[in-house]
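Only one structure is covered here, and it is reproduced in the block below.
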Amino acid sequence: MSKITKLFKSPGGSGSSSKNRKGPSAQEALFKLRETEEMLTKKQEYLEKKIELELATAKKHGTKNKRAALQALKRKKRLEKQLAQIDGTLSTIEFQREALENSHTNTEVLKNMGYAAKAMKAVHENMDLEKIDTLMQDIHEQQDVAQEISDAISRPVGFGDEFDEDELLAELEDLEQEDLNSQMANVKLPSVPSTKLPSTKLPSRPVSSRKKVEDDDDMQMLAAWAT
């Protein structure tokens, strides 16, 4: 039988007592894991110092005392192997501690959610859905009534309804035109100079040409009468 089997075997060879015994709580297990981590961390620091010391011893002897130097290097290798084992153990413990912390957190969350669910159930037991629907309908109706009252109060009464907007615009245009005419009447035009321009006498038509024109007119009149 291996040492590990002997270590975990229940005393007296009976497993009934271990079944009846309650396991540790999450807080207790976390406390133990943290203690183990602290112990291994201290052992890790101790081994690192020992490795540095053995390395210094090997360098000190060098080629002068090869036997002592080789023994120091062998001790250094054994210490490094132990240090590597402790590093692996610390990683495993750290993973186990984080998993246990997450499990404990999830348990507390689920417990609190269960309390909240029970509280919500107790609150809802005293509520009637039909009464809630009726209440909400009454609230909506009163909101609509309040909105109608606000619209009626804010609407102007008896002002501007009896006037035609087109007539008012036409009257406004007439007033603007009268104002424009009044402004144009007050505008003074510059005075025109009274200097007389010299008269230009048109050349008179020669007498012979006037006579010829009169004869042509007489001939046209005779031709028209004859036809």
Side-chain angles (χ1 to χ4, degrees), residues 1-62 67-144:
M1 184 180 292
S2 64
K3 294 181 179 179
I4 297 177
T5 306
K6 292 180 180 179
L7 179 64
F8 288 98
K9 185 177 180 181
S10 59
S14 176
S16 59
S17 59
S18 62
K19 292 181 180 180
N20 296 329
R21 189 169 57 231
K22 187 178 181 181
S25 64
Q27 295 293 339
E28 293 174 349
L30 287 172
F31 179 75
K32 291 294 184 181
L33 287 175
R34 291 192 183 98
E35 281 187 341
T36 306
E37 278 185 301
E38 292 178 1
M39 179 189 66
L40 291 177
T41 301
K42 292 179 180 179
K43 183 66 179 294
Q44 192 178 36
E45 294 174 355
Y46 171 77
L47 290 176
E48 289 175 352
K49 292 179 181 180
K50 289 285 291 181
I51 290 172
E52 292 178 359
L53 182 61
E54 296 296 340
L55 182 61
T57 302
K59 289 180 179 180
K60 178 181 178 181
H61 293 290
R67 182 180 180 84
L70 290 174
Q71 291 296 329
L73 290 177
K74 289 179 180 180
R75 290 193 297 269
K76 171 179 165 295
K77 289 293 184 181
R78 290 196 297 269
L79 293 172
E80 287 177 347
K81 185 177 181 181
Q82 294 180 26
L83 184 62
Q85 292 175 348
I86 291 176
D87 289 339
T89 305
L90 282 173
S91 298
T92 303
I93 291 176
E94 183 179 1
F95 174 78
Q96 188 178 14
R97 177 177 54 78
E98 291 177 353
L100 186 58
E101 288 175 348
N102 292 333
S103 299
H104 178 65
T105 302
N106 294 334
T107 302
E108 293 296 325
V109 170
L110 290 175
K111 186 186 298 183
N112 294 332
M113 291 176 66
Y115 289 153
K118 291 178 180 178
M120 291 177 65
K121 184 178 181 181
V123 171
H124 292 160
E125 285 179 354
N126 298 326
M127 292 185 180
D128 188 357
L129 293 178
E130 295 181 358
K131 292 182 179 180
I132 294 174
D133 292 337
T134 304
L135 177 61
M136 294 305 298
Q137 291 178 2
D138 293 340
I139 292 174
H140 288 307
E141 290 178 359
Q142 294 303 319
Q143 287 178 348
D144 294 338

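All values below come from the heavy atoms of this structure, side chains included, with hydrogens, waters and symmetry mates left out.
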How would you list, by chain and number, every residue that makes a side-chain contact (heavy atoms from CB on, under 4.5 Å) with [X], sequence neighbours excluded?
X	answer
Tyr115	Lys111, Asn112
His61	Thr57, Asn65, Ala68, Ala69
Val109	Thr105, Met113
Glu35	Phe31, Lys32

Exercise for the section: Show your reasoning for whether side-chain contact (heavy atoms from CB on, under 4.5 Å) applies to Arg78 and Lys74. Expected result: CA-CA 6 Å; Arg78 290 196 297 269; Lys74 289 179 180 180; 4.1 Å; yes
Would you list the atom pairs, donor with acceptor, under 3.5 Å between side chains in residues 43-56 and any protein atom, with sequence neighbours excluded?
unit_1 : atom_1 : unit_2 : atom_2 : d
Gln44  : NE2    : Asp87  : OD1    : 2.2
Glu54  : OE1    : Arg75  : NE     : 2.9
Glu54  : OE1    : Arg75  : NH2    : 3.0
Glu54  : OE2    : Arg75  : NE     : 3.1

Handout entry: Those residues that, when tested against Gln71, pass side-chain hydrogen bond (donor to acceptor under 3.5 Å, both in side chains) (two or more places apart)
Key = none
Practice task
Please round to the nearest 0.5 Å and tell me the distance separating atom CD of Glu37 and atom OG1 of Thr89.
Solution key: 11.5 Å
Completion exercise
Interatomic distance, CG@Leu30 vs CD@Gln96, rounded to 0.5 Å, equals 9.5 Å
Problem - Close side-chain approach of Lys77 to Lys81, heavy-atom, < 4.5 Å - result: no
Side-chain atoms of residues 130-137: list all donor-acceptor pairs with protein atoms under 3.5 Å, sequence neighbours left out, distances to 0.1 Å.
unit_1 : atom_1 : unit_2 : atom_2 : d
Thr134 : OG1    : Glu130 : O      : 3.0

Problem - Inter- and intrachain pairs under salt bridge (charged side-chain N to carboxylate O under 4.0 Å, His left out), touching residues 120-129, at least two apart - result: none
Exercise for the section: Grab the two heavy atoms, one from Arg97 and one from Leu33, that are nearest each other, plus how far apart they are. Expected result: CA-CD1, 3.8 Å
Handout entry: Partner set under salt bridge (Lys or Arg N to Asp or Glu O under 4.0 Å) for Arg34, not counting sequence neighbours
Key = Glu101
